[in-house]
Q: 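The structure that follows is given in the form of structure tokens.
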Amino acid sequence: MSAFRILLADDHPIFRFGLSSLLESHEQWEVCGEAADGRDAVEKCKQLKPDLLILDICLPILNGLDTARQILKHNPAQAILILTAVDSEQVIRDCLEAGVRGWVFKSDGTTDLTTAVEAIQRRKSIFSARVSNLITDGYKRHRVDPGAARMPKLSPREREVVQLVSEGKASKEVAAILNVTLATAETHRSNIMRKLELHSIAELVLYAVRNEIVHVHSASVLRFPAPPVEQSRPRATADYEALPEAANARRDVGRRSFN
């Protein structure tokens, strides 16, 4: 019997290592590849054709939702299991609409994950009760305020540009990643700002966070300036010459203080 081939997409190497070890302890499962960002996951799905993609939502360059959308547009039969810490009702709903087969939270137990993989291997879908609760709560909120104002909907390419710009990529980098000209990248950026009626990159980043195109706990989004380089210092006190007179001076001071 041929192995059930699994592709892992998560930006944390140690997490991927642990997940791979867990999955390969099952004699019928094989981890056929790994991806550290969404665009890499899209390409490796095309190349490796895995039986299952285990996908995080918080991925750099291309988030998990848009990764799933691109993969399923190219191959609607691709089985995808979301494994993430994101608990957004809207993201879950969008993933379901895209065709994702299952959802497991990283806070769940290892048995929940293996059970989900087994279910998808049997061509079934599996979602936890927590996912159902989140969707139900979201439905109730929408019923309370059905007329809430909505921002204009972005195209898939515009969502990619928003994520890349929010992650600090310059227009040249965006053009290179998307394989378009610099003029095209800048046109996308201008159109997005005009469509959303935004006037600064700060406002664009805020939009991306609020609409969960990027997530604030993703290391690629939170960029801090590097700390200043400290000037070289002696490695130890042995680098200094001994100062025996200092001890005598302290004793002299002590004696004078009693006079």
Q: If the condition is side chain to side chain donor-acceptor pair (under 3.5 Å), which residues does Glu212 pass it with, not counting sequence neighbours?
A: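 Residues passing side chain to side chain donor-acceptor pair (under 3.5 Å) with Glu212: Ser88.
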Q: Starting at CG of Asp51, measure out to OG of Ser2 and round the result to the nearest 0.5 Å.
A: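 That separation rounds to 7.0 Å.
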Q: Does the side chain of Ile192 reach to within under 4.5 Å of the side chain of Val161, using non-hydrogen atoms?
A: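 A side-chain contact exists here, since the closest heavy-atom pair is under 4.5 Å.
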Q: Within a strict 4.5 Å, meaning less than it, do heavy atoms of the Glu118 and His26 side chains meet?
A: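 Of all side-chain heavy-atom pairs linking His26 with Glu118, at least one is under 4.5 Å.
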Q: Can you tell me if Thr181 and Thr184 form a side-chain donor-acceptor pair at under 3.5 Å?
A: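 The answer is yes; a qualifying pair exists.
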Q: If you compare all heavy atoms of Thr84 against all heavy atoms of Val86, which two are closest, and at what distance to 0.1 Å?
A: OG1-N, 3.2 Å
Q: Side chain to side chain donor-acceptor pair (under 3.5 Å) with Lys106: which residues, sequence neighbours excluded?
A: Asp10, Asp56
Q: Check Arg159 with Asp66, please: is the shortest side-chain N to carboxylate O separation under 4.0 Å?
A: yes
Q: Find out whether Trp103 and Leu96 are in side-chain contact, i.e. whether some heavy atom of one side chain is under 4.5 Å from a heavy atom of the other.
A: no
Q: Looking at Lys46, is its backbone amide N or carbonyl O close enough to the side chain of Lys49 to form a donor-acceptor pair, meaning the two atoms are under 3.5 Å apart?
A: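 Yes, Lys49 side chain to Lys46 backbone: donor-acceptor pair under 3.5 Å.
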Q: Would you say Leu55 and Leu8 make side-chain contact, with heavy atoms under 4.5 Å?
A: no
Q: Is any side-chain heavy atom of Gln70 less than 4.5 Å from a side-chain heavy atom of Pro156?
A: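 No - every pair of side-chain heavy atoms lies 4.5 Å or more apart.
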Q: For Arg39, which residues count as a side chain to side chain contact (heavy atoms under 4.5 Å, CB included) partner, sequence neighbours excluded?
A: Asp37, Ile61, Leu62, Glu160, Ile177, Leu178
Q: For Asp112, give me all partners under side chain to side chain donor-acceptor pair (under 3.5 Å), at least two apart in sequence or on another chain.
A: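 Expected list: none.
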Q: Hey, could you give me the NE2/CD1 distance between His215 and Ile57, rounded to the nearest 0.5 Å?
A: 7.0 Å
Q: Taking salt bridge (charged side-chain N to carboxylate O under 4.0 Å, His left out) as the test, write out the residues that go with Arg16, two or more places apart.
A: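 Listed in chain order: Glu34.
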Q: Do His188 and Arg157 make a side-chain contact, defined as non-hydrogen atoms from C-beta onward lying under 4.5 Å apart?
A: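 A side-chain contact under 4.5 Å exists here.
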Q: Under the side chain to side chain contact (heavy atoms under 4.5 Å, CB included) test, which residues partner Glu27, sequence neighbours left out?
A: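 Testing Glu27 for side chain to side chain contact (heavy atoms under 4.5 Å, CB included), a comparison that skips the adjacent residues, returns none.
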